[in-house]
Amino acid sequence: MHILVTGGSGYIGSHTCLELLQAGYQVSVVDNLCNSSQESLARVSRLTGKKISFFRVDLLDPSGLDEVFQKQTFDAVIHFAGLKAVGESVGKPLVYYQNNVTGTINLCEVMQRHGVRDIVFSSSATVYGIPESLPLTESAPTLINLITNPYGRSKLILEFVLRDWQAANPDFNVALLRYFNPVGAHGSGEIGEDPNGIPNNLLPYVSQVAVGQLPRLKIFGGDYETKDGTGVRDYIHVVDLAIGHVQALDRLRQNPGVVTYNLGTGNGYSVLEVVSAFEKASGQTIAYEIVGRRAGDIAACYADPSLAKSELGWVAERGLDEMCADGWRWQSMNPHGFPMAGK
Ligand code: NAD
Ligand code: UDP
């Protein structure tokens, strides 16, 4: 089986390529390297002893994409390519809609032209907006006006685009995977998250404080109605997430039409709990101060992952301590990220 991975040199994509190769799949990657380095894939090849065909192509270039499909025959696509910075999306909504929505439509058109019928799509728990109740099941409402930024709205729009596309083409199969908070790194410490500039997300920020690149963490809000007043999230180890994609491919081979799964652990941890787990894993003290709430943040968000368990046989196996230990190994072995960043 030959899988095309769009956005495959990025954070989640590179970990998924590794799991696919280990599971015996042939892997090709399309990425424009706007937020990643090809070095990640060189390391995946080294770790697995297997080759990856790489195409530096932008999803906004339909003829470039078509050429890739002319050269190779794919059995399925895992689609990670997209822009993901929430704050940036507020300032550049058209760039985000163009890249994420038009890029995905271009991909679907090329797949359809070449008879590739199965796609796994990176969605996000952000499509749930402000949760009415917790834990979140897949049937919880997804109201576009409760989503606080263009990035999140692009994900929900794309869920509808893919559903409508499948409805018009009943032979096609779509897995919408709603990720909770992916963190950590491969246990080798060779690949991991390499954010541009100052990180927006908690774990990369905490690890850069631990490694001495940032002076202190600002905790956004200490007055939420949560166990200790700080925000609660469902952090999931990126390797568990990657394995979820391999299992979703198996599910698509059963011709299910459209399926939607939460990929989370079901456990909610507060910011202070994460800080303390990271201190334990790294042996470093994380300096922090509690400041005001961040605009658009919610108090708590965690998954009910039982559907993925019953239908995919998938369960997140790695806990918070392992997420922090592996994240720390990557950060301390690569304090400045990938050496040949192509960005
Ligand atoms: P990432 O930025 O590391 O990877 C995305 C990759 O897509 C990058 O390598 C980038 O160069 C590539 N890309 C972007 N636009 C492209 C285009 N037009 N053509 C070709 N390549 C393009 O991000 P990630 O964290 O690995 O996220 C992967 C996917 O998962 C994204 O769609 C993201 O929105 C989604 N997601 C991520 C998170 C998270 O917290 N990391 C949570 C939920 C959903
Ligand atoms: N957070 C924080 N300081 C930071 C980054 C994040 O206190 O520098 C908090 C944030 O308010 C939320 C949690 O950490 O409660 C997770 O935030 P992240 O941006 O990683 O994920 P998301 O908000 O998208 O779930």
Side-chain angles (χ1 to χ4, degrees), residues 5-16 29-38 40-41 55-61 64-65 78-87 89 95-96 98-104 106-107 121-127 148-149 151-152 154-155 158 177-183 191-196 198-206 208-209 214 216-222 224 226 230-236 238 241-242 245 263-264 268-272 274-275 288-302 342-343:
V5 183
T6 76
S9 46
Y11 172 45
I12 305 170
S14 56
H15 288 80
T16 303
V29 165
V30 160
D31 201 303
N32 65 1
L33 301 180
C34 70
N35 195 39
S36 57
S37 155
Q38 226 182 308
S40 63
L41 296 178
F55 301 91
R56 186 168 185 172
V57 171
D58 195 315
L59 293 191
L60 297 178
D61 168 16
L65 203 52
I78 303 184
H79 176 35
F80 293 107
L83 298 175
K84 63 164 186 178
V86 170
S89 78
V95 171
Y96 270 67
Q98 170 90 331
N99 193 78
N100 294 2
V101 180
T102 307
T104 303
N106 289 344
L107 176 66
F121 174 63
S122 298
S123 189
S124 167
T126 192
V127 300
T148 52
N149 57 80
Y151 162 72
S154 78
K155 289 290 173 193
L158 283 168
L177 301 185
R178 294 177 177 160
Y179 312 158
F180 280 67
N181 288 58
V183 297
I191 55 171
E193 188 170 10
D194 183 11
N196 257 330
I198 297 188
N200 298 306
N201 295 112
L202 179 64
L203 259 292
Y205 203 108
V206 167
Q208 292 197 12
V209 174
L214 290 170
R216 69 178 58 228
L217 170 71
K218 287 193 174 87
I219 297 183
F220 299 136
Y224 286 109
T226 56
T230 64
V232 165
R233 296 290 184 276
D234 185 340
Y235 298 94
I236 172 172
V238 65
L241 188 65
H245 290 73
L263 296 185
Y269 289 104
S270 72
V271 177
L272 287 172
V274 170
V275 167
Y288 69 82
E289 63 181 315
I290 296 184
V291 300
R293 295 181 180 190
R294 182 170 66 177
D297 265 1
I298 52 176
C301 177
Y302 51 93
K343 39 193 180 178

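Since we're looking at a predicted model, the values are computed, not measured. Just follow the structure's listing: the first ligand is 1, and inside any ligand the first atom is 1.
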* Which residue and non-hydrogen atom of the protein lie closest to atom 23 (O) of ligand 2, and at what distance in Å? ->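 Protein heavy atom with the smallest distance to atom 23 (O) of ligand 2: R294 NH2, 3.0 Å.
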
* Looking only at protein heavy atoms, which one is nearest to atom 18 (P) of ligand 2, and how far off is it? ->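 For this ligand atom, the closest protein heavy atom is N201 ND2, 3.5 Å.
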
* To do: Report, as yes or no, whether the 6.0 Å neighbourhood of atom OH on Y288 holds more than 12 heavy atoms from other residues, nucleotides or ligands.
  =>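 At most 12 heavy atoms, drawn from other residues, nucleotides or ligands, come within 6.0 Å of this atom.
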
* To do: Say whether F220, considering both its backbone and side-chain N or O atoms, lies within less than 3.5 Å of an N or O atom on ligand 2.
  =>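 There is such a contact, yes.
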
* Looking only at N/O atoms, are L202 and ligand 2 under 3.5 Å apart anywhere? ->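 Yes - when backbone and side-chain N and O of L202 are compared with those of ligand 2, one distance drops under 3.5 Å.
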
Numbered atoms and elements of ligand 2 in range of [X], under 4.0 angstrom, heavy atoms:
{"X": "V271", "result": "9 (C), 14 (O), 15 (O)"}
{"X": "N181", "result": "21 (O), 22 (P), 25 (O)"}
{"X": "R233", "result": "12 (C), 15 (O), 16 (C), 22 (P), 23 (O), 25 (O)"}
{"X": "N200", "result": "5 (C), 19 (O)"}

* Structure fact -> Note: L214 and P199 closest approach over all heavy atoms is CD1-CD, 4.0 Å

Taking non-hydrogen atoms only, is [X] closer than 4.0 angstrom to ligand 2 via side chain, backbone, both or neither?
{"X": "K218", "value": "backbone"}
{"X": "L203", "value": "neither"}
{"X": "D297", "value": "side chain"}

Drop me the distance from [X]'s [atom1] to [Y]'s [atom2], to the nearest 0.5 angstrom.
{"X": "D61", "Y": "N32", "atom1": "CG", "atom2": "CG", "answer": "10.0 Å"}
{"X": "F180", "Y": "L241", "atom1": "CZ", "atom2": "CG", "answer": "11.5 Å"}
{"X": "I198", "Y": "Y205", "atom1": "CD1", "atom2": "OH", "answer": "6.0 Å"}
{"X": "Q208", "Y": "L217", "atom1": "CD", "atom2": "CG", "answer": "11.5 Å"}

* To do: List in chain and number order the residues that pass side-chain contact (heavy atoms from CB on, under 4.5 Å) with S122, two or more places apart in sequence or in another chain; answer none if no residue qualifies.
  => F80, K155, Y179

Closer than 3.5 angstrom, by distance alone: can the side chain of [X] be matched with the main-chain N or O of [Y] as a donor-acceptor pair?
{"X": "N201", "Y": "P204", "answer": "no"}
{"X": "N100", "Y": "G82", "answer": "no"}
{"X": "T102", "Y": "N99", "answer": "no"}
{"X": "Y96", "Y": "A85", "answer": "yes"}

* **First-shell residues of ligand 1 [heavy atom, distance under 4.0 Å]** =>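 Near ligand 1, by chain and number: G7, S9, G10, Y11, I12, D31, N32, L33, C34, N35, S36, V57, D58, L59, F80, A81, G82, K84, N99, S122, S123, S124, Y151, K155, Y179, P182.
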
* Asked: Are any of the heavy atoms in Y235 under 4.0 Å away from ligand 2?
  ->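 Yes, Y235 has heavy atoms under 4.0 Å from ligand 2.
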
* To do: Please report the C-alpha distance between H79 and T104 in whole Å, then the side-chain angles of each, then the deciding distance to 0.1 Å, and finally whether the side-chain contact (heavy atoms from CB on, under 4.5 Å) criterion is met.
  => CA-CA 8 Å; H79 176 35; T104 303; 2.9 Å; yes

